[in-house]
Amino acid sequence: MFDDISLLPPDPILGLLGRFRADPRDGKIDLGVGVYQDEEGRTPVMRAVQAAESMLLASQTTKTYQGIAGDPEYNERMLAMLLGEGHVALRDSRIRGVQTPGGCGALRIGAEVIRRARPDARVWVSTPTWANHIPLIGGSGLQILEYPYYDPATRGVDFDAMMSALEKVPAGDVVLLHGCCHNPTGADLTLEQWRELTALTLRVGFTPYIDTAYQGLADGVEEDVAGMRHMMSAVPECVLAASCSKNFGIYRERAGGVYFLARDALRAEAVLSNAMSAARQIYSMPPAHGASIVSLILSDAALRADWLTELGDVRSRIAGMRELLASSLEGNAAGTDFSFVTRQKGMFSFLGITPAQVTRLREEFGVYMLDSTRINVAGITPRNIAPLAAALHAVLADTTA
Ligand code: LMR
């Protein structure tokens, strides 16, 4: 059976985490996988999460199956958080979906349902996009194509190029968008650009597929999804994949959800039945614990307020580290202006250095980032900024790299 099976390369993101963990050097710096770290370089359990877990432990009476769609209350509360109470899609009962094992489960079930609905639909993803989007969505059998997004010259979105490319997408195809905190570039659309994109979506007739994994990590829980909410109030159909890994810090608990906006309530019900059937075929039903935590936090006023406060602290720490990195790199020998880092949103930025510099940073200085030069800004701390800046200054000064 396995005689001819070949050894695959490690995952580009999680494989780097393995290499970082295996590195014995004391001063190593992890700017790789997208996981929040506090000032001490720890990934803490949020206060509200700890409190919710204690309450669940005290009150839980059973571990019986929850059902294919997960906890209905969780799905309801997630939709209210994602879309805002009273959103037209909720009022008209046009949106239904399932709790999933993390954002990855959500993205895959979304793709499976799209393939069932329209097997020849192609999915257009931004250049670049999160490395796992392509295997996760492509693994369902859908063809993946790319549209221009990031402009290395301006370090922002090349909105004109994006709009001209999407203008030519055939009706019935699917366009994958990042709800906020674009992974890997940190370059987001403005609210005005979301409005223009919504108008184009309506004119051209493709279906938006929105991945939102960082709500609350840029400007605020409401602010970050204003563009996506606008789009979902205007378009007839949409797929929305969400993750609670980052904004609740419950990475290993695998809590997410995928929600389908359809033309009417009856169609939404039919789409839901297909999402449930796809989930049953792949993993049967989602794990309960992470979703129970989220549901409790979102339904309890005190827990919710504390979660929002701590999420605000996370956001300010990341923004502070963006400022610190940019100022620490001023006057570098390459003459590069790194102030763009302060304009980007969420956990990530592209440094835009050379592959040789990325390798040298890892091998000589123990600084780990993705080969694409994506850094996790949340891996920077007041303690590691000095060695990090020194390492970056050293490689930027090396004109041979
Ligand atoms: C990342 O982009 O680093 C995170 O979303 C973690 C992952 O699964 O890749």
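For ligands, and for the atoms within them, numbers begin at 1 and follow the listed sequence. We use all heavy atoms of the structure for the numbers below, so side chains are in, but hydrogens, waters and symmetry mates are not.
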### Task
Sorted by first residue and then second, give each side-chain hydrogen bond (donor to acceptor under 3.5 Å, both in side chains) pair with at least one member in residues 76-102; sequence neighbours left out.
Glu73-Arg77, Arg96-Glu269
### Selection residues 7-56 - residue pairs positive for ring-ring contact (aromatic ring centres under 6.0 Å, His included), sequence neighbours left out
Phe20-Tyr368
For ligand 1, find each of its N or O atoms that sits under 3.5 Å from a protein N or O atom, and tabulate the pairs with distances to one decimal place.
from, atom 1, to, atom 2, distance (Å)
ligand 1, 2 (O), Trp130, NE1, 3.0
ligand 1, 2 (O), Asn183, ND2, 3.0
ligand 1, 2 (O), Arg374, NH1, 2.9
ligand 1, 3 (O), Gly34, N, 2.7
ligand 1, 3 (O), Arg374, NH2, 2.8
ligand 1, 5 (O), Lys246, NZ, 3.0
ligand 1, 9 (O), Trp130, NE1, 3.1

### Message
Could you check whether Lys345 pairs with Asp188 (Lys NZ or Arg NE/NH1/NH2 to Asp/Glu carboxylate O, under 4.0 Å)?
### Response
no
### Task
Using a strict 4.0 Å threshold on nitrogen-to-oxygen distance, state whether Lys28 and Asp23 make a salt bridge.
no
#### Entry: Carboxylate-amine/guanidinium proximity below 4.0 Å for Arg203 and Glu167
yes
Mind listing the side-chain donor-acceptor pairs of residues 229-236 below 3.5 Å, one per line with the distance, residues two or more places apart or on another chain?
from, atom 1, to, atom 2, distance (Å)
Arg229, NE, Leu82, O, 2.9
Arg229, NE, Leu83, O, 3.1
Arg229, NH1, Glu222, OE1, 2.7
Arg229, NH2, Met81, O, 2.9
Arg229, NH2, Glu222, OE1, 3.2
Ser233, OG, His230, O, 2.6

